[in-house]
Amino acid sequence: SSEAQLVAGDLRGLAIEVLRPPRAEPRLDEATNVALSAAIEDAYDSLSPGLVRFELAWGAGHMVQWDRPDLVIAAVGRLVDRARATAPP
């Protein structure tokens, strides 16, 4: 049921923060890694066009929240600030 909810969900109009480690697949050439990175960003951007913010989490591995909790805290703060600014009175 979780998968069905995700498929049926609509995130358009919602701000999205994407934190990802700056790494590339060493078995692939640079052009392929750049293309994969662009495809990932396009996929996220399609969820809520124009409202997705991307940040490379320098110094982080797969678990950004463990390696760079400061970035996660800042991202959550931006989302809260945006929600407060756009909430009806």
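Any value given below was found using the heavy atoms of this structure, including those in side chains, with hydrogens, waters and symmetry copies removed. Residue numbers start at 1 and run along the sequence shown.
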Quiz item: Quick one: salt bridge (Lys or Arg N to Asp or Glu O under 4.0 Å) pairs with a partner in residues 33-42, sequence neighbours left out?
Solution: Arg20-Glu41
Exercise. State whether the side chain of Ser48 and the backbone N or O of Leu11 hold a donor-acceptor pair below 3.5 Å, judged by distance alone.
Key: yes
Quiz prompt | Nearest atoms (heavy-atom pairs only) where Ala60 meets Pro22 | solution = O-CD, 4.5 Å
Quiz item: Can you hop from Ile16 to Val76 via hydrophobic side chains spaced under 4.5 Å?
Solution: no
Self-check item: Cluster overlap Ile40 with Val34, hydrophobic side-chain contacts below 4.5 Å
Solution: no
Practice problem: Specify the closest pair of heavy atoms between Pro49 and Ser46, including all atoms of both residues, with the distance to one decimal. | Solution: CD-O, 3.9 Å
Practice problem: Answer yes or no: does atom CD of Glu25 have more than 12 heavy-atom neighbours from other residues, nucleotides or ligands under 6.0 Å? | Solution: yes
Quiz prompt | Shortest non-hydrogen contact from Leu19 toward Ala75 | solution = CD1-CB, 4.2 Å
Self-check item: Hphob cluster co-occupancy, Leu14 + Tyr44, side-chain heavy atoms under 4.5 angstrom
Solution: yes
Quiz prompt | Which atom of Pro21 lies closest to which atom of Gly61, heavy atoms considered | solution = CG-O, 3.3 Å
Exercise. Could I get the full list of salt bridge (Lys or Arg N to Asp or Glu O under 4.0 Å) partners for Glu55, not counting sequence neighbours?
Key: Arg53, Arg78
Self-check item: Leu47 reachable from Val18 in the ILVMFWY side-chain graph, under 4.5 Å edges
Solution: yes
Quiz item: Could you state the interatomic distance from CG (Asn33) to CZ (Arg23), rounded to the nearest 0.5 Å?
Solution: 11.0 Å
Quiz item: Would a 4.5 Å heavy-atom cut-off, applied to side chains only, mark Val72 and Arg68 as touching?
Solution: no
Quiz item: Roughly how far, to the nearest 0.5 Å, is CD of Gln65 from CD1 of Ile73?
Solution: 11.5 Å
